[in-house]
Amino acid sequence: MNSALIDVCCLVSAVMFINGLQGMTRPRTAVRGNLTAAVGMLLAVIATMLHREVIGWSSILAGIALGSGIGVFLALRVQMTAMPQLVALYNGLGGAASVLVGGAYLAGREHAASVLAGNSLADVMAATGASGLIGGITFSGSLVAYGKLEELKFMRDFSAPWQKPANLVLGVTALGLCLLMILQPQHAGVWFWLMSLVSLVLGVLLVVSIGGADMPVVIALLNSYSGIAASATGFVLNNSLLIIAGSLVGASGVILTKIMCEAMNRSLWAVLFGTLQSAGRSTTRDDIYSSVKSTSAEEVAMLLEAAQRVLIVPGYGMAVAQAQHAVRALTNILLSKGIEVEFGIHPVAGRMPGHMNVLLAEADIPYERLKEMDEVNATMDHVDVAIVLGANDVVNPLARTDPHSPIAGMPIIDVDRARTVINIKRSLSPGFAGIANPLFALDHSLMLFADGRKAIVDIVKALQEG
Amino acid sequence: MDVLFQLAQAVNGISSLESTEAIRALTETTGQPAAGGAERLVLLITVFVLAVYVGAEIIARIPPTLHTPLMSGSNAISGITVLGAILAAGSDSGGLATVLGFLGVVLATVNVVGGFVVTDRMLAMFKSKR
């Protein structure tokens, strides 16, 4: 196939990627947007297979068949609650592919000279190094994130004092090896694989000590890395489609990272390298929790019967308890009684950006009912009953009142301003930040100690009987 | 524009490291008059910077409700590395490169196909409501 024609195909698929992302700005056009991007990818793959350098198709087709099989199998089997893990896993594979392509390029450099037509050696080496370095960090970091999201035991809460210096040493070593690739292109292969190895270790160390509630930031950041790695590969191969697609993804990841950091009032630096000091020095938990009142599903049902406006604030606990379908049943019965129901979604609720929205959408709750934090806070004074389902830190009033708290200044959903607050939780154990939540002890606050799903099911039952 | 110009200057500095021999060799193998390495690189960097801007403009408009599908969808797009892997797997460049290319095709395809399918699954749930 004529190389100009291939270039045109690549241009068309770049346009389709951009159009596809544009479609995703609205729920109604999002499915089509995703499809547009997918077709763009298919076009690019076909055009690349017709490249004059591609001689045999057998291994390509075998690879595509195998990869598609695995991809579709995982995609169709995954539960919506496990979505963050799957995204992390896919992300890692994309990063690994960047490393492999960089390595393959070096291995076949003499034969594949036309691929790099016109590129000078130094910048190609730098780009290859970047794709190996970023790709390696993305790969191992994503796998660790996957393990942490799956709650594999050996991944939990690892941190060591030597981590920061070790990260620094590893980072400098990797950059040094990258420099060696540029200075000694004849041995580039050796330096490249050494550097990839170093970056794998670096990826593990960077992510392994990051806690659960910071996961949305890490996932978004790794997503961005996978895009940047793809872009770097584009510089290696002199392929503008890789650069365009990669930078679109890189930009999207950076923006999401920024949104997540703002929602926690923490800098990216603090998330990656800082630790949350667990507080509780001034007041002990026992003091705070001495006046906690517990309640029953029947009592909650009575409160709801009398309410006009109900706000539900879901958190990671809802995902763990798989409570989203029970929540749908509760919403239905409340609506049938003429009670207004809304959902207040904190940007970092759950383990990835938009996690709660996907779960509630899975349970057929119309997205119009899902409100952002600012929106629900504006009308909080008119809420009769606020149900906090498996959320903790994102509703902790200490963020507003205690300037020494680790979560000081984090924007929260002000459920304490609602007339009555129901907290559905299994125990009084603290959230990720490790601090007590005075919300639970407020006069108009009630605790319903139960598994999230069972609690909601019981409330629904009580409402049906009542 | 000033920034771009400075960027180009810096890039020029880097590429002066490279030997003219390398360029000549490349031009000869490809049989076409290659644009100078530096110009080519500046062009690619231009593409990169512009695409970052376009991406940032679009993504800032995506509502929080769709952030998870956006991530998995853009994730699928980042599997574009599959093109590089296809070139490596399909070109007759001998043992190691082909093997690495094949592995790259497998991993990147899992990312691409799985990413698009799972995004579609999620988005279908958002669409079914009125």
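Labels below follow one simple rule: chain letters A, B, ... track the order of the sequence lines, proteins then strands, and each chain is numbered from 1.
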List the atom pairs, with distances to 0.1 Å, where a side-chain N or O of residues 55-73 of chain A and a protein N or O form a donor-acceptor pair under 3.5 Å, not counting sequence neighbours.
from: A/Trp57; atom 1: NE1; to: A/Met49; atom 2: O; distance (Å): 3.1
from: A/Ser59; atom 1: OG; to: B/Ala89; atom 2: O; distance (Å): 3.3
from: A/Ser68; atom 1: OG; to: A/Ile64; atom 2: O; distance (Å): 2.6

Inset, instruction - Evaluate the side-chain proximity of A/Ile345 to B/Pro64: yes if any heavy-atom separation is below 4.5 Å, no if none is. - result: no
Legend entry - Contacting region of A/Ile18 [heavy-atom separation from chain B under 4.5 Å]: both
Legend entry - Portion of A/Met24 that has a non-hydrogen atom of chain B nearer than 4.5 angstrom: both
Legend entry - From CZ (A/Phe235) to CG (B/Leu41), nearest 0.5 Å: 6.5 Å
Inset, instruction - Apply the test side chain to side chain contact (heavy atoms under 4.5 Å, CB included) to residues A/Tyr90 and B/Ser72: give CA-CA distance (whole Å), side-chain angles for both, the deciding distance (0.1 Å), then the verdict. - result: CA-CA 8 Å; A/Tyr90 284 161; B/Ser72 67; over 6 Å; no
Inset, instruction - Name the option with the most non-hydrogen atom pairs under 4.5 Å to chain A; the candidates are B/Leu43, B/Leu50, B/Thr65. - result: B/Thr65
Legend entry - Residue among A/Gly135, A/Gly20, A/Gly354, A/Ala230 with most heavy-atom pairs under 4.5 Å to chain B: A/Gly354
Inset, instruction - Please state whether the side chain, the backbone, both or neither of B/Leu66 comes within less than 4.5 Å of a heavy atom of chain A. - result: side chain
Legend entry - Partner chain B: residue of A/Gln22, A/His355, A/Met83, A/Met356 with the largest heavy-atom pair count (under 4.5 Å): A/Met83
Inset, instruction - Side chain from CB out, backbone as N, CA, C, O: work out which of these in A/Ile219 comes under 4.5 Å of a heavy atom of chain B, or both, or neither. - result: both
Legend entry - Heavy-atom contact with chain B under 4.5 Å, split by part of A/Arg77: backbone
Inset, instruction - Identify which of B/Ser74, B/Gly55, B/Gly104 forms the greatest number of heavy-atom pairs closer than 4.5 Å to chain A. - result: B/Ser74
Legend entry - Residue part contacting chain B, namely of A/Leu76, when any heavy atom lies under 4.5 Å: both
Inset, instruction - Select one option (side chain, backbone, both, neither) describing which atoms of A/Glu372 are under 4.5 Å from chain B's heavy atoms. - result: side chain
Inset, instruction - Measure from the side-chain N and O atoms of B/Arg121 to the backbone N and O of A/Val78, and report whether any donor-acceptor pair falls under 3.5 Å. - result: yes
Can you give me every donor-acceptor pair (side chain of residues 78-88 of chain B, partner residue at least two apart or in another chain, under 3.5 Å) with its distance?
from: B/Ser78; atom 1: OG; to: A/Ser226; atom 2: OG; distance (Å): 3.2
from: B/Ser78; atom 1: OG; to: B/Asn75; atom 2: O; distance (Å): 2.7
from: B/Thr81; atom 1: OG1; to: B/Ser78; atom 2: O; distance (Å): 3.2

Legend entry - From CD1 (A/Ile255) to CD (B/Glu57), nearest 0.5 Å: 8.0 Å
Inset, instruction - Tell me, for A/Ala14 versus chain B, whether the close heavy atoms (under 4.5 Å) come from the side chain, the backbone, both or neither. - result: neither
Legend entry - A/Tyr225, OH atom: more than 12 neighbouring heavy atoms under 6.0 Å: no
Legend entry - Proximity breakdown for A/Asn91 and chain B, heavy-atom pairs closer than 4.5 Å: both
Legend entry - Nearest heavy-atom neighbours spanning A/Ala97 and B/Ala108: CB-CB, 3.8 Å
Inset, instruction - Under 4.5 Å heavy-atom distance to chain B, tell me which part of A/Ser240 shows up: side chain, backbone, both or neither. - result: both
Inset, instruction - Hey, could you give me the CZ/CD distance between B/Phe126 and A/Glu362, rounded to the nearest 0.5 Å? - result: 10.5 Å
Legend entry - Winner by heavy-atom pair count (cut-off under 4.5 Å) against chain A, out of B/Val113, B/Thr119, B/Thr68, B/Leu70: B/Thr68
Inset, instruction - Quick one: which of A/Leu248, A/Val358, A/Val87 has the most heavy-atom pairs under 4.5 Å with chain B, could you say? - result: A/Val358
Inset, instruction - First locate atom CZ of B/Arg61, then atom CG of A/Leu21, and finally report the distance between them rounded to the nearest 0.5 Å. - result: 11.0 Å
Inset, instruction - Identify the heavy atoms of A/Val31 and B/Ala124 that sit nearest to each other, and give their distance. - result: CG2-N, 4.0 Å
Inset, instruction - Please look at A/Val54 and chain B and tell me whether the side chain, the backbone, both or neither of the residue comes under 4.5 angstrom of a heavy atom of that chain. - result: both
Inset, instruction - Mind ranking B/Val117, B/Val112, B/Asn111 by heavy-atom pairs under 4.5 Å with chain A and telling me who comes out on top? - result: B/Asn111
Legend entry - Distance, nearest 0.5 Å, that separates CZ of A/Arg32 from CG of B/Asp120: 13.0 Å
Legend entry - Distance in Å, A/Asn239 CG paired with B/Leu44 CG, rounded so as to fall on 0.5 Å steps: 9.0 Å
Inset, instruction - Under 4.5 Å heavy-atom distance to chain A, tell me which part of B/Ala76 shows up: side chain, backbone, both or neither. - result: backbone
Inset, instruction - Would you mind telling me which of A/Val249, A/Ile259, A/Leu93 has the largest number of heavy-atom pairs within less than 4.5 Å of chain B? - result: A/Val249
Legend entry - Partner chain B: residue of A/Lys258, A/Met352, A/Met41 with the largest heavy-atom pair count (under 4.5 Å): A/Met41
